[in-house]
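Everything below concerns the one structure shown next.
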Amino acid sequence: MAHVQRHPLAAQAADLLLDRIRAGEWQLGHKLPGETTLAAQLGVGRSTLREAIRELAGKGVLESRQGAGVFVTALDTVEDWDTILRRADIVAVIEARLAIEAECAALAARRRTPADLRAMWRALAARAEAPASAPDLVDADTAFHRTVVAAAHNDILTGMFDAFIPRSRRAMIDMLRIRPLPDERADHHAHEVLLDAIRRRDEAAAVAASRIHLTSLKEALG
């Protein structure tokens, strides 16, 4: 019962600390006052304060360093990807893909392996043979783009790309149903240009090809 009573108080203390951080009382990297001082300021016990600090540490806002104290590591909590993407419009998603995929194209041109190239060629061939239905075409197109991202050999960028796909897939399918590609061969050729640049290890050409293709997609969706 004591824990049930203490937890809401710790949550309130965490909210008060976060409000003070947001207000600029402590800047990024700054050390919080000592435990005794801070507990007195908040009107809570030291055990409650520790629980509040643990809560904010779990959200990435604070960090306890043994023997050094508690430091501010972020100025606000960060929403999870699902929450952010549900609120984002499709143009914002494509803009984020532009940033991710252009960098991935450059890294792929630098790091790609023979196995990466084979995966890209297979995905591109599958894209060329995909049924004309919008879902099949979108999925085949996405599979090719993911091989490029994978060839960058950066797990963080791959995870970011994967997070965007569910949000962009539906919008792309709807777009193709309303406005089919005016020239599918030209669109497919744009993918060939990207793959060729990666094959030749031409980073600048790979970035340009990626940006041109995704910019045209953004304009179509906008």
Side-chain angles (χ1 to χ4, degrees), residues 81-82 84-86 88-222:
W81 277 116
D82 288 340
I84 294 170
L85 289 174
R86 278 196 299 270
D89 63 46
I90 189 59
V91 171
V93 171
I94 297 301
E95 288 173 346
R97 279 190 59 186
L98 261 163
I100 294 167
E101 293 189 51
E103 178 62 18
C104 284
L107 292 173
R110 188 186 316 161
R111 299 173 178 172
R112 59 84 176 154
T113 65
D116 290 327
L117 284 178
R118 288 193 295 272
M120 283 185 267
W121 282 118
R122 286 195 298 270
L124 188 61
R127 185 187 184 284
E129 297 170 3
S133 72
D136 290 325
L137 184 56
V138 167
D139 289 342
D141 183 76
T142 299
F144 169 76
H145 282 272
R146 197 182 190 284
T147 62
V148 174
V149 172
H153 296 281
N154 183 306
D155 291 341
I156 295 175
L157 290 172
T158 300
M160 292 173 71
F161 175 85
D162 288 344
F164 284 110
I165 292 311
R167 178 67 180 87
S168 63
R169 182 179 183 271
R170 171 51 54 190
M172 291 173 65
I173 289 172
D174 291 343
M175 180 200 73
L176 287 176
R177 283 173 172 162
I178 297 170
R179 297 191 300 253
L181 291 172
D183 190 344
E184 168 55 32
R185 285 179 298 179
D187 187 67
H188 189 74
H189 178 67
H191 292 76
E192 293 175 326
V193 170
L194 172 58
L195 177 48
D196 185 60
I198 293 171
R199 179 189 62 79
R200 292 185 287 105
R201 298 191 184 277
D202 188 334
E203 295 182 35
V207 170
S210 178
R211 292 193 65 83
I212 289 169
H213 169 63
L214 287 169
T215 298
S216 65
L217 177 62
K218 172 188 168 183
E219 291 170 350
L221 287 169

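None of these values were measured; they are calculated from a predicted model. Along the sequence shown, the residues carry numbers beginning at 1.
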Let me have the donor-acceptor pairs involving side chains of residues 155-162, under 3.5 Å, with sequence neighbours excluded, atom names and distances please.
unit_1 : atom_1 : unit_2 : atom_2 : d
T158   : OG1    : N154   : O      : 3.1
D162   : OD1    : R146   : NE     : 2.8
D162   : OD2    : R146   : NH2    : 2.8

Rounded to the nearest 0.5 Å, how far does CD1 of I94 lie from CD of E219?
12.0 Å
Gap between atom CG of L137 and atom OG1 of T142 - 0.5 Å precision:
9.0 Å
Under the rule for side-chain contact (heavy atoms from CB on, under 4.5 Å), what residues qualify as partners of I173, not counting sequence neighbours?
A134, P135, V138, R169, R170, R177
Identify the heavy atoms of R97 and S168 that sit nearest to each other, and give their distance.
NH1-OG, 4.0 Å
For a quick test of reading the model, state the closest non-hydrogen atom pair linking A130 to A140 and the distance between them.
CB-CB, 3.7 Å
Can you name the nearest heavy-atom pair linking L194 to A209, along with the distance?
CA-CB, 3.8 Å
Can you check whether L107 reaches H153 side chain to side chain, under 4.5 Å on heavy atoms?
no
Which residue pairs pass the ring-ring contact (aromatic ring centres under 6.0 Å, His included) test with at least one member in residues 90-143, sequence neighbours excluded?
none
Minimum heavy-atom distance A206-A109, with the two atoms named
CB-CB, 4.3 Å
If every non-hydrogen atom of D136 is compared with every non-hydrogen atom of S133, which pair is closest and at what distance?
OD2-OG, 2.7 Å
Suppose the criterion is salt bridge (charged side-chain N to carboxylate O under 4.0 Å, His left out): which pairs have a residue in residues 106-120, not counting sequence neighbours?
R110-E203
Sorted by chain and residue number, the side chain to side chain donor-acceptor pair (under 3.5 Å) partners of D196 (sequence neighbours excluded) come out as R199, R200
Any chance you could measure H188, atom NE2, to D141, atom CG, to the nearest 0.5 Å?
10.0 Å
Could you grab the distance from atom CG of L195 to atom OG1 of T147, nearest 0.5 Å is fine?
7.5 Å
Which residue pairs pass the ring-ring contact (aromatic ring centres under 6.0 Å, His included) test when at least one of the two sits in residues 191-213, sequence neighbours left out?
F144-H191, H145-H191, H145-H213, H191-H213
Supply the atom-to-atom distance E129 CD to L124 CG, rounded to the nearest 0.5 angstrom.
10.0 Å
Look up atom OG1 in T215 and atom CG in L98, then write down how far apart they are to the nearest 0.5 Å.
4.5 Å
